[in-house]
Amino acid sequence: MSEAPELTESEAFAAEHALGVLTSAERRQAEARMAADTDFAAQVEAWRERLEPMTDNLVAIPAPHALWLRIERSLGANDNSASVKGLRFWRGATASSLALAAASIAAAVMLGNRPPVLVHTPPAGQLLDASLVSQTGAPVPLFVAAYDPTRKALIVTSLVTPGNDPAHVHELWVIPADGKPRPLGILAPGKTVAMPMPESLLSSLAAGSALAVSVEPPGGSPKVDAPSGPITAVGKLAKI
Amino acid sequence: MAYADQVEDLDIPDGGVSAEALLVTAGEERRLHHCLSELDDRTEKVIRTAFFEGVTYEALARRMDTPLGTVKSWVRRGLAKLKGCLAT
């Protein structure tokens with residue numbers, strides 16, 4: 001292959017982001033740059049498309065059953081070594097009394113013969129995520145959101161560069177199936193927030209629910225049930 | 001049998017990927033694998049490892065016991081060649 005021309009610094013950074021070799025700090029820089037610079041975002045997208053076919057000929061290989069059992073046993077919740085230790089103590093303490101020793105050994109045998117108890121933690125709910133993209137010009141992700149059902153919280157990161165528009169704030173809304181927007185909170189530019197979700201809103205957070213961000217005066221929309229400013233980004237929650 | 005004819009005319013999507021899209025995907029995949037194989041073995045391996053294992057330059061450099069700058073320039077040169085090859 002002939003010597004290819006070197007990539008520009010910007011394209012090399014885009015390619016490295018698509019390849020996934022950057023540190024977490026550099027990744028954040030790249031995400032912020034994608035939000036601010038549509039050319040750069042397009043370069044990242046082009047590199048993702050170039051590299052993505054690498055995964056096409058992968059074949060899923062199911063893990064052997066015995067491996068699953070071993071993984072289950074190795075989980076903290078299934079660890080019964082503490083009860084085995086307790087048993088050793090009782091065996092020692094009752095050694096002076098033959099009758100008690102016999103009883104404890106009988107108990108030991110009974111306990112020892114019991115199959116390990118596997119704790120199946122019921123799934124707490126579905127993890128969801130959404131990428132909220134700009135509504136003007138090329139679609140660029142401005143916010144990313146993930147719903148964590150164990151914490152019952154929506155974790156939202158603003159990719160907007162801080163200080164661009166100090167006179168306004170970004171307010172996050174969820175629009176469930178009924179189409180009525182519910183305010184979730186204010187998003188500080190460049191920051192990640194975990195928003196605990198009240199029980200009343202949990203049913204709204206399902207795959208397919210829309211999230212939207214509006215530009216509002218400081219303190220948020222003066223209306224309770226609707227944004228007052230323009231919608232800057234929109235995205236849909238999807239199962240991860 | 002007017003109704004039957006109409007039903008046959010309906011273009012009912014099966015939810016699968018279209019044959020055309022599959023062909024395009026297969027072509028892209030072949031091209032990428034061809035272009036990867038044109039790279040020298042070391043560069044190909046570094047790029048594949050980075051992509052599939054999601055490891056950073058630092059981790060790659062440690063793993064290969066090679067200075068960070070060297071690994072970085074292998075990858076960047078490799079990506080430039082890959083782009084050139086995919087564009088032809």
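Chain letters run A, B, ... following the sequence lines, proteins first, then strands; residues in each count from 1. Computed from a predicted model, the values in this text were never measured in an experiment.
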_Side-chain donor-acceptor contact under 3.5 Å, A:W47 with A:E11_ = yes

Turns out that what part of B:L32 lies under 4.5 Å from chain A's heavy atoms comes down to side chain

Output for pair (A:F143 CZ, A:L187 CG), nearest 0.5 Å, gives 5.5 Å

Hydrogens and angles aside, do A:R33 and A:S10 bring a side-chain donor and acceptor to less than 3.5 Å of each other? yes

Cut-off 4.5 Å, heavy atoms of chain A, and the answer for B:I47 is both

Compare all side-chain heavy atoms of A:M54 with those of B:L36 and state whether any distance is below 4.5 angstrom. yes

One option among B:L60, B:T56, B:V71, B:T88 has the most heavy-atom pairs under 4.5 Å with chain A, and it is B:T56

Turns out that what part of B:V75 lies under 4.5 Å from chain A's heavy atoms comes down to side chain

Review point. Between A:E26 and A:H17, does any side-chain donor sit less than 3.5 Å from a side-chain acceptor?
Key: no

Turns out that what part of A:E49 lies under 4.5 Å from chain B's heavy atoms comes down to neither

